[in-house]
Amino acid sequence: MNATPPPAHLPPGPGRPAGPAYPVPQAHRGPALGIVGNPWLRLLAVTLDTVLAGTVLFLVTVGIGVFVTLGGSRDNSPFYLAVVVALALLFLYSPLMTARCGGTPGKLLCGLRVVRLADGRPLSYGNALGRHLAHLGMRLVPVLCLLDPLACLWDPTLRRCLHDKAAGTLVIRRSGRPVPAAPPPAPVTRPAGS
């Protein structure tokens, strides 16, 4: 017994006889695999982002310290501003930049961007926040903090880290041109009456 669904009928046309056509398999709908980001550029991007976020937090903390010292304040409440800035960096820096611009400043400087694996579209803020929290969560677990970045070296095709796999994302080259896709194959038809 044949388990395939019945073929669709195509109307007769130029070079196409009347008869059932066999379904054509769908092409890959995600981003072209020839534009996947380099793992070493990803490491450089993470380093640049860490230095940038650390510098911002350091400058805010030093500024608050100078203000408290020169102002002669005995109250430590201005230091809570540093906590607010740290939380803002945690929840806004990477997720907001990834959702709005396609990546953090480090990724953008390295020519990379983050897209959804399923269709190559940009991430929403919720997707970007989930990816960022998965990344942070894996940094806190002793073994996962090492396995997460190494996973992109073990995945030679898509070069996805564990946090990318958890969030369904892919890092691609921003300026890369996709490899031209082959045109879909013509449907196979049978002559009428066979």
Side-chain angles (χ1 to χ4, degrees), residues 26-62 64 79-179 181:
Q26 282 193 330
H28 174 70
R29 296 187 61 116
L33 300 181
I35 60 172
V36 174
N38 182 326
W40 301 110
L41 282 178
R42 291 184 70 174
L43 179 63
L44 177 62
V46 168
T47 304
L48 290 173
D49 287 330
T50 303
V51 168
L52 182 62
T55 302
V56 167
L57 192 58
F58 174 76
L59 291 176
V60 167
T61 306
V62 167
I64 292 170
F79 282 105
Y80 292 122
L81 181 61
V83 174
V84 171
V85 170
L87 287 174
L89 285 173
L90 179 67
F91 288 103
L92 294 177
Y93 178 75
S94 178
L96 189 61
M97 289 295 296
T98 300
R100 299 283 288 166
C101 303
T104 57
K107 279 191 179 49
L108 297 176
L109 285 172
C110 291
L112 302 171
R113 72 181 159 144
V114 183
V115 296
R116 295 187 330 185
L117 177 66
D119 55 10
R121 296 181 60 189
L123 273 63
S124 66
Y125 178 77
N127 294 126
L129 180 62
R131 179 181 187 272
H132 180 65
L133 292 177
H135 192 200
L136 288 177
M138 290 180 191
R139 282 185 177 183
L140 297 176
V141 178
V143 175
L144 282 179
C145 70
L146 297 175
L147 291 179
D148 180 34
L150 291 176
C152 76
L153 298 175
W154 299 325
D155 184 4
T157 308
L158 297 177
R159 298 184 191 129
R160 295 172 66 204
C161 294
L162 293 180
H163 64 274
D164 289 316
K165 292 178 183 184
T169 59
L170 179 67
V171 176
I172 62 173
R173 289 183 295 154
R174 190 167 52 117
S175 60
R177 301 261 185 252
V179 178

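Just the heavy atoms: all of them, side chains too, but no hydrogens, waters or symmetry mates, feed the values below.
When each of L117, L158, V171, L170 is paired with D164, the side chain to side chain contact (heavy atoms under 4.5 Å, CB included) condition holds for V171 and for no other. Applying side chain to side chain contact (heavy atoms under 4.5 Å, CB included) to H132 and the options T98, L90, L123 leaves one that passes, L90.
To the nearest 0.5 Å, the span separating CG on L44 from CG on L48 amounts to 4.5 Å. The CG atom of L41 lies 5.5 Å from the CG atom of L112; values are rounded to the nearest 0.5 Å. The structure places OG of S94 at 6.5 Å from CZ of R131, a figure rounded to the nearest 0.5 Å.
The nearest pair of heavy atoms linking L96 to Y125 is N-CE1, 3.8 Å. M97 and L108 make their closest contact through CE-CD1, 4.5 Å (heavy atoms, listed as atom of the first residue, atom of the second, distance). Minimum interatomic distance between A128 and A99 (heavy atoms only, all atoms of both residues): CB-N, 4.2 Å. Considering every non-hydrogen atom in both L89 and A53, the closest pair reads CD1-O, 3.7 Å.
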Side chains of residues 139-153: which donor-acceptor partners sit under 3.5 Å, not counting sequence neighbours?
from: D148; atom 1: OD1; to: L162; atom 2: N; distance (Å): 2.9
from: D148; atom 1: OD1; to: H163; atom 2: N; distance (Å): 3.0
from: D148; atom 1: OD1; to: H163; atom 2: ND1; distance (Å): 3.0
from: D148; atom 1: OD2; to: H163; atom 2: ND1; distance (Å): 2.9

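Partners of R160 under the salt bridge (Lys or Arg N to Asp or Glu O under 4.0 Å) rule, at least two apart in sequence or in another chain, do not exist in this structure.
Counting heavy-atom neighbours within 6.0 Å of F58 CZ, excluding the residue itself, gives a total of 12 or less.
Looking at R42, its side chain does come within 3.5 Å of a backbone N or O of R159 through a donor-acceptor pair.
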request  = Run the numbers on Y93 and V56 for side-chain contact (heavy atoms from CB on, under 4.5 Å), then give the verdict.
outcome  = CA-CA 11 Å; Y93 178 75; V56 167; over 6 Å; no
